[in-house]
Amino acid sequence: MASEAWQRSAGKNPAGGLNEAGRKSYEAANPGSNLRPPVKSGNNPRRASFLARMGNMPGPEYKNGKPTRLLKSLQVWGASSKADAKAKAAAMSKHLKGMKNG
């Protein structure tokens with residue numbers, strides 16, 4: 001039996017992350033899930049959470065001189081590196097907390 005599209009290149013975006021077919025395939029295999037496309041800019045709590053989580057992931061940003069899927073995903077979400085992702089996530093969190101309290 002063939003694996004789900006989200007596990008094969010057919011469901012992966014060459015720029016990083018999953019494409020629409022991959023998201024739909026994952027949702028079909030995991031009822032109740034709701035994968036959404038990346039948030040590429042702005043102060044969004046979902047974007048801040050993703051950048052913080054992925055900025056702390058182990059593993060290299062480049063392998064054999066080519067960007068890894070981790071780095072490609074970060075770039076799709078608007079960060080140039082793991083360090084940049086951490087910095088942007090911290091700045092967004094600070095901004096979002098200020099908006100909540102103010």
Side-chain angles (χ1 to χ4, degrees):
M1 180 177 168
S3 61
E4 303 291 335
W6 64 275
Q7 295 174 325
R8 299 186 323 260
S9 60
K12 295 180 181 176
N13 184 338
L18 296 176
N19 59 25
E20 185 64 23
R23 287 192 296 272
K24 293 296 179 195
S25 170
Y26 182 86
E27 290 172 357
N30 298 282
S33 62
N34 182 24
L35 298 181
R36 296 178 286 175
V39 177
K40 299 178 183 193
S41 63
N43 291 322
N44 183 301
R46 194 169 145 251
R47 181 171 179 242
S49 175
F50 177 86
L51 291 176
R53 190 171 62 252
M54 296 304 280
N56 287 309
M57 291 292 284
E61 294 179 4
Y62 292 92
K63 186 173 182 180
N64 299 328
K66 295 181 180 179
T68 61
R69 289 196 60 80
L70 169 64
L71 181 59
K72 287 180 178 182
S73 292
L74 287 171
Q75 289 170 342
V76 169
W77 284 75
S80 59
S81 66
K82 290 197 293 185
D84 184 39
K86 290 179 198 177
K88 285 184 178 190
M92 275 187 264
S93 293
K94 184 177 180 182
H95 176 79
L96 292 167
K97 284 180 184 176
M99 287 178 59
K100 231 181 214 182
N101 296 331

Exercise. Name the one of Arg53, Arg46, Arg47 that satisfies side chain to side chain contact (heavy atoms under 4.5 Å, CB included) with Ser49?
Worked result: Arg53

For this session: Provide the closest heavy-atom pair for Ala21 versus Ala5 in the form atom of the first, atom of the second, distance.
Result: O-CB, 4.3 Å

For this session: Could you walk me through whether Leu74 and Leu51 pass the side chain to side chain contact (heavy atoms under 4.5 Å, CB included) test, one step at a time?
Result: CA-CA 7 Å; Leu74 287 171; Leu51 291 176; 4.0 Å; yes

For this session: Specify the closest pair of heavy atoms between Gly55 and Ala85, including all atoms of both residues, with the distance to one decimal.
Result: CA-CB, 4.1 Å

Exercise. To the nearest 0.5 Å, how far apart are CG in Leu70 and OH in Tyr62?
Worked result: 11.0 Å

Exercise. Once you round to the nearest 0.5 Å, how far does CG of Asn44 lie from CZ of Phe50?
Worked result: 12.5 Å

For this session: For Lys72, enumerate each residue passing the salt bridge (Lys or Arg N to Asp or Glu O under 4.0 Å) test, keeping only those at least two apart in sequence or located in another chain.
Result: none

Problem set entry | Heavy-atom pair with the smallest gap, counting every atom of Ser73 and Gly16 | OG-C, 3.8 Å

For this session: For residues Met92 and Lys88, determine if any side-chain heavy atom of one lies less than 4.5 Å from a side-chain heavy atom of the other.
Result: yes

For this session: Answer yes or no: is there a donor N or O on one side and an acceptor on the other, between the side chain of Asn43 and the main chain of His95, under 3.5 Å?
Result: no

For this session: Given side chain to side chain contact (heavy atoms under 4.5 Å, CB included), test Asp84 with Ser81 step by step and report yes or no.
Result: CA-CA 5 Å; Asp84 184 39; Ser81 66; 3.5 Å; yes

Seminar exercise, completed: Of all heavy-atom pairs linking Val76 and Pro38, the shortest is CG1-CG, 3.5 Å

Exercise. Residues in side-chain hydrogen bond (donor to acceptor under 3.5 Å, both in side chains) with Arg23, at least two apart?
Worked result: Glu20

For this session: Mark yes when over 12 heavy atoms from residues, nucleotides or ligands other than Lys24 sit less than 6.0 Å from its NZ; otherwise mark no.
Result: no

Exercise. Where the side chain of Asn19 meets the backbone of Gly22, is there a donor-acceptor pair that is under 3.5 Å apart?
Worked result: yes

Exercise. Is there a donor-acceptor pair closer than 3.5 Å between any side-chain N or O of Thr68 and the backbone N or O of Glu61?
Worked result: yes

For this session: Please report the shortest heavy-atom distance between Tyr26 and Leu35, naming the atom on each side.
Result: CD2-CD1, 3.3 Å

For this session: Rounded to the nearest 0.5 Å, what's the gap from CZ on Arg36 to CD on Glu27? Could you check?
Result: 10.5 Å

Problem set entry | Backbone of Lys66 reached by a side-chain donor or acceptor of Asn64 within 3.5 Å | no

For this session: Give a yes or no answer on whether the side chain of Lys82 reaches the backbone of Met57 with a donor-acceptor pair at less than 3.5 Å.
Result: yes

